[in-house]
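A short write-up of the structure that comes next.
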Amino acid sequence: MFERFTKAAREVVIGAQGKARALGHETIGTEHILLSLVSGENGAVREALRGAAGEVDETYVQQAIVRHLGDRSETAVIADRDAEDAAALKSIGIDLDAVRAAIEENFGAGALHLTRPAPRKKGILGRFTPTAVTGHRPFSARNKKALELSLREALRLKHNFIAPEHIALGILREGQGLAMLILAERGVDFDVARERLTQALNTPAA
C-alpha cells in the first residue's frame with residue numbers, strides 16, 4: 001500500500017511518528033496523523049477541515065491532544081517533578097528558586113542540571129526495546145484502519161496514488177478515533193470536510 005503514497009503523504013506518516021515521540025506517547029494514533037496533516041504544507045487539508053469555531057491548525061490540535069492524553073515528553077515530566085519538589089520544599093519553609101539562584105551564583109548557570117547516566121545494558125547482548133533504541137512507535141490498530149481506508153478512498157475516487165487528502169478522508173471514514181473527537185470539538189462539519197477534500201483532490205494543481 002505504501003508504494004502508492006505520494007511524497008507528501010509519506011511525510012505525513014513520518015511526521016506523525018515524530019509528533020508521537022515528541023509528546024512521549026507510545027503509539028501513533030489518528031490524533032498524531034491529524035497533527036502531522038495540519039502541520040506542514042498541507043494547506044488544502046487545513047482549509048477542508050476548517051471548523052465552525054475556527055482553524056484546525058497545528059497549535060489547536062497539539063493543545064487538544066495534550067488535553068486528552070497529556071504531555072509525557074521528558075521536558076514535561078521534569079517540569080512536573082520540579083513543581084512537586086518546589087511545593088514540598090516550600091511546605092517546610094525552603095524557597096527552591098532562592099536555593100537554585102544561590103547555587104548558580106556560586107557554581108555557574110546550570111549547575112543543578114545533572115547529566116543523565118547512560119542506560120544500563122541488560123544481559124550479554126544488551127536487550128533494549130525498539131522504542132528505547134530507535135524511538136520507533138507502532139501504529140494503533142485504529143490508525144492502521146484509517147490508513148487502510150485512505151487506500152479505499154483513493155480507489156473510490158479512481159486515483160492510483162494516496163495523497164494527504166486521502167489520509168484525511170480515511171480518518172473521517174474510520175470515524176471513531178481521537179482525531180475525530182478533536183475535529184468534532186472544533187465544530188467541523190464532516191460532510192463538508194469530505195466534500196472539500198474530494199474537491200481538492202479533483203482540482204488540478206495550477
Side-chain angles (χ1 to χ4, degrees), residues 1-23 25-69 135-206:
M1 180 178 78
F2 284 101
E3 67 274 4
R4 293 175 181 257
F5 277 52
T6 63
K7 181 176 183 291
R10 290 172 187 266
E11 288 173 353
V12 166
V13 176
I14 293 168
Q17 164 89 2
K19 303 295 184 185
R21 185 187 305 115
L23 289 167
H25 297 159
E26 293 300 316
T27 58
I28 307 169
T30 58
E31 64 278 8
H32 301 110
I33 291 287
L34 176 62
L35 180 58
S36 187
L37 274 170
V38 300
S39 296
E41 301 296 321
N42 301 306
V45 172
R46 285 193 297 275
E47 177 62 29
L49 297 178
R50 184 194 301 269
E55 294 290 338
V56 181
D57 58 14
E58 181 175 6
T59 300
Y60 172 76
V61 175
Q62 179 152 326
Q63 289 174 347
I65 291 172
V66 171
R67 185 172 69 250
H68 285 286
L69 298 180
H136 173 73
R137 264 72 175 166
F139 290 108
S140 68
R142 191 178 299 284
N143 200 11
K144 288 178 182 177
K145 181 66 179 295
L147 290 172
E148 290 171 3
L149 290 173
S150 70
L151 171 59
R152 292 180 182 268
E153 287 296 312
L155 294 174
R156 178 180 68 84
L157 295 169
K158 297 180 171 57
H159 296 156
N160 62 359
F161 62 92
I162 299 173
E165 293 88 345
H166 294 111
I167 296 175
L169 285 169
I171 288 174
L172 292 174
R173 184 168 173 178
E174 195 282 327
Q176 299 295 319
L178 179 52
M180 288 292 285
L181 176 58
I182 291 170
L183 294 174
E185 289 173 341
R186 195 58 162 174
V188 172
D189 184 316
F190 299 137
D191 290 334
V192 171
R194 287 187 189 94
E195 184 178 343
R196 289 173 177 168
L197 288 163
T198 301
Q199 184 177 3
L201 283 163
N202 288 328
T203 301

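For clarity, every value in this text was computed on a predicted model and none was experimentally measured. Quick note: numbers below take in every heavy atom, side chains included, and nothing from hydrogens, waters or symmetry partners.
- The two residues Leu37 and Ile171 come nearest to each other via the heavy atoms CD1-CD1, 4.0 Å.
- Note: Leu35 CG to Leu23 CG = 7.0 Å, rounded to the nearest 0.5 Å.
- Around CZ of Arg152, the count of heavy atoms belonging to other residues, nucleotides or ligands within 6.0 Å does not exceed 12.
- Of all heavy-atom pairs between Ser140 and Gly29, the closest is OG-CA, 3.7 Å.
- The CD1 atom of Ile28 lies 10.0 Å from the NZ atom of Lys144; values are rounded to the nearest 0.5 Å.
- Ring-centre distance between Phe5 and His166: not below the 6.0 Å cut-off.
- A donor-acceptor distance shorter than 3.5 angstrom exists from the side chain of Arg186 to the backbone of Glu55, with no hydrogens or angles considered.
- For the atom pair CD1 of Ile182 and CD of Glu31, the computed distance is 6.5 Å after rounding to the nearest 0.5 Å.
- Here the closest heavy-atom approach between residue Ile167 and residue Ile162 is recorded as CG1-CG2, 4.2 Å.
- At a threshold of 4.0 Å, the pair Glu58-Lys19 counts as salt-bridged, since one of the basic side-chain nitrogens sits closer than that to a carboxylate oxygen.
- Considering all non-hydrogen atoms of both residues, His159 and Arg4 come closest at O-NH1, 4.4 Å.
- Between Leu169 and Leu157 the shortest side-chain heavy-atom distance falls below 4.5 Å.
- Remark: of the listed residues Glu153, Lys145, Glu148, Glu153 is the sole one forming a side-chain contact (heavy atoms from CB on, under 4.5 Å) with Arg173.
- Atom CD of Glu165 is separated from atom CG of Asn202 by 10.5 Å, given to the nearest 0.5 angstrom.
- The shortest non-hydrogen separation linking Asp191 to Asp189 is N-OD1, 3.0 Å.
- Looking only at atom types and distance, the side chain of His68 has a donor-acceptor partner in the side chain of Glu185 under 3.5 Å away.
- Atom CD of residue Gln62 and atom NE2 of residue His32 lie 9.0 Å apart, to the nearest 0.5 angstrom.
- At a threshold of 4.5 Å between non-hydrogen side-chain atoms, the residues Ser36 and Ile14 do not count as touching.
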Glu47/Arg50 under salt bridge (Lys or Arg N to Asp or Glu O under 4.0 Å): CA gap, chis, key distance, verdict: CA-CA 5 Å; Glu47 177 62 29; Arg50 184 194 301 269; 2.5 Å; yes
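- The shortest heavy-atom contact between Asp57 and Tyr60 is OD1-N, 2.9 Å.
- Taking 4.5 Å as the limit, some side-chain heavy atom of Leu49 sits within range of a side-chain heavy atom of Leu34.
- Glu195 contributes atom CD, which lies 10.5 Å from atom CG of Leu197 (distance to the nearest 0.5 angstrom).
- Using a distance-only test at 3.5 Å, with no hydrogens or angles considered, a donor-acceptor pair links the side chain of Thr30 to the main chain of Ala179.
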